Protein chains: 2
Amino acid sequence: MSIKQRKEQEKSEMRTLILKTAMNLFLEKGFENITIRNIAEKIEYSPATIYLYFKNKDEILFTLRREGFEKLYEHQKTSLKLDDPLMRLHKHGEAYIQFALENPEYYDLMFMMRGPVKEMQETNDCDIGLASYELLKTNVKECMDAGHFPVMNIDIVAFSLWSYVHGIASLIIRGRGIMFPEEGIKSMVEEALNFMLVSKTEKKWDLENKQIISGVNV
Amino acid sequence: MSIKQRKEQEKSEMRTLILKTAMNLFLEKGFENITIRNIAEKIEYSPATIYLYFKNKDEILFTLRREGFEKLYEHQKTSLKLDDPLMRLHKHGEAYIQFALENPEYYDLMFMMRGPVKEMQETNDCDIGLASYELLKTNVKECMDAGHFPVMNIDIVAFSLWSYVHGIASLIIRGRGIMFPEEGIKSMVEEALNFMLVSKTEKKWDLENKQIISGVNV
DNA sequence: GCTCATAACTAAACACTGTTCATTTAGTGA
DNA sequence: TCACTAAATGAACAGTGTTTAGTTATGAGC
């Protein structure tokens, strides 16, 4: 039994080696430029070997995609410590965009790429991807209960907020944010989040001091 | 000279035939599944012939992309007749999303696809793509002047609003709007636009009657 | 130690892809 | 009719994802 276990572990290690190598190459050259042969060459195996561990190239992409969803979920959870719902939502959006901009290749894989296999995509997202969305909905609900938002359909508000951060992240990733200097992106994102959230209550975030002050955005 | 002109016209007609055929095939099966050979077969020429009219596959994509920018620009201009700046901006966003959802393949080409040739992408967008953005900025400026928005950096507000509609459109195009029934998408978009714009002035759009009434969103 | 089945691996091929180029075909001007 | 030019193409090249038949290594049972 010990040998069988070792074999299984070796198999699993090979899978993660392939995944890790693939992701490194993706980060280096973009996933549309990476071939099975590239990956095989890097790990010094024949291309055919990869097909012993993954059904096809898509399965590699989808596995990494799923990895991305898990990373994002973990990253987002860290923003749930704040007490005030609106502040929490603000931080939530900030964390989302931060993840996207720091892991553009993952984000591309998760939300921007055309999924080759629709079925697989959906089942994949359902598990952990939906969990992220539920997290958002909870947050939105609490903001609504606290009177920060007008009372309306939660799905609409949640989807709207998601759209907002996704739009910001994906436009920047596709290089449409060139009107902002590289180093100014972060503060732009801050102001954009304020523009979305603060005006709903006509208050202004003072994020430096982590408190709410009255006034209008400048 | 007449013959030369005819030749030129034939050349141009062939180009548009290729473009039209390519776009039809894209609409049918998605552009990632269409090959030069597919296009050639459809117009009953050899694959090599296409290279007499286009440098390569990317040039076809970029030409169609540019076509998309022109279509969008024309489409958006129709929404500029409204007098009230905020109403105009609302209509602007509505038109943008409508274009994206009615021409998802164009929209994909324009804003979602990974551009293979960065340089070409930029020059392409500069002409007409930037014109669209300038249109938006003008609109934003007028809203700000009219007191609908807090006074802040116009680029930030413009980019934020663009991000919003882009986020909505691109998430729906990628099938992330499944929490809304197909026939409910349009009204969801309406509510989402209200959520973004109306709360800034604490007024509510009554789009049925095309006028602004006081109150809070429901 | 010696078989032998099983697992791991790979070389070579297949059917594709975008692209190029020598060659053929068609059409015009003299 | 003949020569010249432009248009079109067949065949090839290098590359892709993927499959399969065949080879090598490894552990189990004697």
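So that the names make sense, note that chain A is the first sequence line, chain B the second, and so on, each numbered from 1. This structure is a prediction, so every number in the text was calculated from the model and none was measured.
With respect to B/Arg66 and B/Glu70, a salt bridge is recorded, a charged nitrogen being found less than 4.0 Å from a carboxylate O.
B/Phe31 and B/Tyr106 have their aromatic ring centers separated by at least 6.0 angstrom. Aromatic ring centres of A/Tyr96 and A/Tyr107 lie closer together than 6.0 Å.
For the pair A/Ile34 CD1 and D/dG15 P, the computed distance is 15 Å after rounding to whole Å. With rounding to whole Å, A/Glu59 atom CD is found 10 Å from D/dT18 atom P. Spacing between atom NZ of B/Lys57 and atom C1' of D/dT16 amounts to 12 Å, rounded to whole angstrom units. Counting to the nearest Å, the P atom of C/dT17 and the CG atom of B/Leu25 are 12 Å from each other. D/dA7 atom P lies 14 Å from atom CZ of B/Arg15, rounded to whole Å. As a whole-Å value, the separation of B/Phe54 CZ from D/dA8 P is 13 Å. Rounded to whole angstrom, the span from the CD1 atom of B/Ile36 across to the C1' atom of D/dC13 amounts to 17 Å. Between the CG atom of A/Leu52 and the P atom of D/dT23 there is a distance of 17 Å, given to the nearest Å.
Taking the side chain as every heavy atom from C-beta outward, B/Ile173 and B/Phe111 never approach each other to under 4.5 Å.
Between the side chains of A/Thr35 and A/Asn38, a donor-acceptor pair is found at a separation under 3.5 Å.
Under the 3.5 Å distance criterion, the side-chain polar atoms of A/Arg174 are matched with a main-chain donor or acceptor of B/Met112.
Within 4.0 Å (heavy atoms only), B/Tyr53 reaches sugar-phosphate atoms of the nucleic acid but no base atom.
For the atom pair A/His90 NE2 and A/Leu161 CG, the distance stands at 11.5 Å (nearest 0.5 Å).
Contact check of residues 43-50 of chain A against DNA chain D (heavy atom, cut-off under 4.0 Å) returns A/Ala48.
Each of A/Met14 and B/Asn33 was assigned the nucleotide of DNA chain C with the nearest heavy atom; the assignment lying further toward the 5' end belongs to A/Met14.
In terms of phosphate contacts, A/Lys11 brings a side-chain nitrogen or oxygen within less than 4.0 Å of OP1 or OP2 of C/dA8.
Judged by distance alone with a 3.5 Å cut-off, no donor-acceptor contact links the side chain of A/Arg37 to the base of D/dG15.
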